There are 4 protein chains.
Amino acid sequence: MAKPEKRDEIIRAAMELIAEHGFHGAPMAAVAEKAGVAAGTIYRYFESKDDLIRETHAHVEARILAALTQNYPVEQPVRERFLHIESKLIAYFLESPMEFRFMEQFFNSPFGVAHRREKLFGNKEKNIIFKLFEEALEQRAIKDLPLPVLCALAFGPLVDVCRDHILEFIILDDMLIEQTVAACWDALKR
Amino acid sequence: MAKPEKRDEIIRAAMELIAEHGFHGAPMAAVAEKAGVAAGTIYRYFESKDDLIRETHAHVEARILAALTQNYPVEQPVRERFLHIESKLIAYFLESPMEFRFMEQFFNSPFGVAHRREKLFGNKEKNIIFKLFEEALEQRAIKDLPLPVLCALAFGPLVDVCRDHILEFIILDDMLIEQTVAACWDALKR
Amino acid sequence: MAKPEKRDEIIRAAMELIAEHGFHGAPMAAVAEKAGVAAGTIYRYFESKDDLIRETHAHVEARILAALTQNYPVEQPVRERFLHIESKLIAYFLESPMEFRFMEQFFNSPFGVAHRREKLFGNKEKNIIFKLFEEALEQRAIKDLPLPVLCALAFGPLVDVCRDHILEFIILDDMLIEQTVAACWDALKR
Amino acid sequence: MAKPEKRDEIIRAAMELIAEHGFHGAPMAAVAEKAGVAAGTIYRYFESKDDLIRETHAHVEARILAALTQNYPVEQPVRERFLHIESKLIAYFLESPMEFRFMEQFFNSPFGVAHRREKLFGNKEKNIIFKLFEEALEQRAIKDLPLPVLCALAFGPLVDVCRDHILEFIILDDMLIEQTVAACWDALKR
DNA sequence: AATGAATGAGCTTTCATTCAT
DNA sequence: GATGAATGAAAGCTCATTCAT
């Protein structure tokens, strides 16, 4: 197996184990076995378990961002672009429940807090979502609230309904997805 | 120290350690030290670590429910009652950030999933929130959506903004709280 | 409850718990609960767990010796007396499986070794069995072997069959008991 | 140290500690230290302490069986074969007192009971001893008694005298061994 | 570069014993 | 005398990480 494939296998194994069993339930030996490598090999690609977790997160985040960006209707009004992002995100999570569960584990941990802090206050380039909200604010299309509050209104319910679907508390069909996304827009719009 | 005080001290210690460091940042030895008892003493009050966690959750949940119920405006329209609950909940969380963080850890764990499943599908008496949503649905005051979705719209953003406040990503003043709660209502209302 | 009754209750509780679950499975707290006293109370009657075990053994041993001595046919030939002892012993063990199991636990432990050493080499008065063997040796009724070997031939099989009966590997009826005892005599007799 | 040697060292350490101090005088840390490995290492070779004990027993049992089978006089009458087995067994135990004491601990424990039950009622191939007794029964060379009773008569005294020798209550010289074995045969023979 | 056996600190839990009431 | 809550050492076991091969 060539080098980058091995790295990917390790990340995939870590992601699935963490998604299913939490950080606790993903010992390095189990990650190694699932990835088809020796335990020591992981340490050639990642400095430590923490590093592996952060890199796994970066990997998943990149895939999610790619999914959101695909067919992004740049030319359309903010409302349409918002609905696009929300729908794509829900669709992605429902198709990739492992990645969803991994992200939940990640955010609900010291890693996630550090990551959000960096995103909000660091000097990294703003992502597509932040840009959309800023444009919407300028156009006075949405309520004049701080970015974190807008994110909360837009994504808080979305994440909750995805979780409930994955846990089989509800069944999210197209109709319900549309209604949920519309309700989130109601929360945001002026 | 009398018996119930010791139990309370242990619960408080567990709650704070779990809030700050998660379940695996809260070894029983640390809980014991923080509570000012010997490690073995915990097992006079709780069968196991799992039991301690569940009892800690029950303790916090009872306190939250008490806070919501206090001065609950039974006679007023559903919208006012909804605003009451949301405001009280935010107020409680901001005053008790440890309890908030504990609840987050709890819900994001096998305990939390089991607890929600029981709440949704078990035969326990419906709580004040479920009752309010059902009344609101009957009056056609809110969108006709499944209970879990309504909860997501009402509490998803609320929890997010509380977390952001506690992590000092934003500062939730009275004005901002009011606006956030109003936005949640916008998401729900027909 | 008067003092000696309490002591007896503790001994009975210890005996039964040790018989059923071994020394491991008889924590002092369980002994106390079974005896209907507080944990600390045991230490008024016995210095330590070891002491309790030794006293429990002495208690059971005395009861067994009493059973053997009852109706002991002093006037009859050694063979008849031997058969009496063997039969009484088997009868006692089958009626009191708890005591049998306790004795097995006891002998198979450091306590038991010390106790036998004391019995063989100490200056305590010889018991009925030792006296019987010595008389039989004088009369040249049995093989000229050291006392421990005679005990082994006489009681080794007996203990084994009692254990097998209690564990339900065999059913010891009167016929089988008689045959077994007779076989033991065959081993001893000249 | 190569892999199988390490496993053997652990078994040897466990066997000796259990022989000398019983199951609860053999904590895993002590076994590890005596074997010259780290505590965790044991768990690479054995699933649990129970597993280690069972494997240690299997190891010792295999060695004993090998000793009995060596030079087994297949062609000779049952009596000679019986005397062979008894003598070899005594010889083996006296040469390997640790293994003898380990086996005593093992049989006097839940493990041993389960093991005997399996041997008596399971469908495993009969061992050399059971086969010998069955042949002897067919030839009407020995008393018509259930297998467990025959075992008791044959091995009960044998085990007792070995124990007494190891504990230095008696000294088993060749003469005494021969006499004891002969006495056991007297118990069995018609 | 890859392996996987070995490590040992750290986890949860038990229990003989003490002592303030 | 009796109580039983409290103690804390010690148990079995796990797992991130290292390193000789």
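Keep in mind the model is a prediction, meaning the values are calculated, not measured. Order of the sequence lines sets the chain letters (A, B, ...), proteins ahead of strands, with each chain counted from 1.
Base pairing annotation: E:dA1 forms no Watson-Crick or G-U wobble pair, as no partner gives both donor-acceptor distances under 3.5 Å. Partner assigned to E:dT12 is F:dA11, using Watson-Crick or G-U wobble distances below 3.5 angstrom. Across all strands shown, E:dT18 pairs with F:dA5; the Watson-Crick or G-U wobble distances both stay below 3.5 Å.
Taking for each of B:Ala39 and D:Ala38 the nucleotide of DNA chain E with the nearest heavy atom, the 5'-most of the two is the partner of D:Ala38. Of the two residues near DNA chain F, A:Ser48 and D:Met28, the one whose nearest nucleotide lies more 5' is D:Met28. When each of D:Asp50 and C:Arg44 is assigned the nucleotide of DNA chain F with its nearest heavy atom, C:Arg44 is the one assigned upstream, toward the 5' end.
OP1 or OP2 of F:dT17 has not a single side-chain nitrogen or oxygen of A:Lys49 nearer than 4.0 Å. Put simply, C:Tyr45 has a side-chain N or O that comes within less than 4.0 Å of OP1 or OP2 on F:dA2. Contact annotation: D:Lys6 side-chain N/O to E:dA6 OP1/OP2 distance is under 4.0 Å.
In this structure, D:Ile10 places its CD1 atom 11 Å from C1' of E:dA6, rounding to the nearest Å. Taking atom CG of residue D:Asp51 and atom P of nucleotide F:dG12, one finds them 14 Å apart after rounding to whole Å. Whole-Å rounding puts the D:Glu47 CD to F:dT14 C1' distance at 14 Å. D:Phe46 places its CZ atom 12 Å from the P atom of E:dA6, with the value rounded to the nearest Å. The CZ-P distance, from B:Phe23 to E:dC11, rounds to 16 Å in whole Å. Atom-to-atom, NE2 of A:His24 to C1' of E:dG10 comes out at 12 Å; the value is rounded to the nearest Å. We find that CG of C:Leu52 is positioned 13 Å from C1' of E:dT17, with the value rounded to whole Å. The separation between A:Ile42 atom CD1 and E:dA1 atom C1' is 15 Å, rounded to whole Å.
Checking E:dT17, F:dT17, E:dT3 against the side-chain heavy atoms of A:Val37 singles out E:dT3 as nearest. Counting only heavy atoms from C-beta on, B:Thr41 has its side chain closest to F:dA6 among E:dT13, F:dA6, F:dT3. Side-chain atoms of C:Tyr43 lie closest to E:dA16 of the nucleotides E:dA16, E:dT7, F:dC15.
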Evaluate the criterion ring-ring contact (aromatic ring centres under 6.0 Å, His included) for residue pair B:Phe106 and B:Phe23; output intermediate values, then yes/no.
-> CA-CA 9 Å; B:Phe106 183 85; B:Phe23 290 116; 7.2 Å; no

List the steps and the verdict of side-chain contact (heavy atoms from CB on, under 4.5 Å) for B:Met98 and B:Glu20.
-> CA-CA 7 Å; B:Met98 289 298 190; B:Glu20 286 181 308; 3.5 Å; yes

Evaluate side-chain contact (heavy atoms from CB on, under 4.5 Å) for C:His57 paired with C:Phe102, printing each intermediate quantity in order.
-> CA-CA 8 Å; C:His57 169 260; C:Phe102 170 82; 3.9 Å; yes

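Ion pairing between a basic and an acidic side chain is recognised when a charged N comes within 4.0 Å of a carboxylate O; C:Glu55 and C:Arg7 show such pairing. Electrostatic pairing of B:Glu99 and B:Arg12 does not count as a salt bridge here, judged by no charged N lying under 4.0 Å from a carboxylate O.
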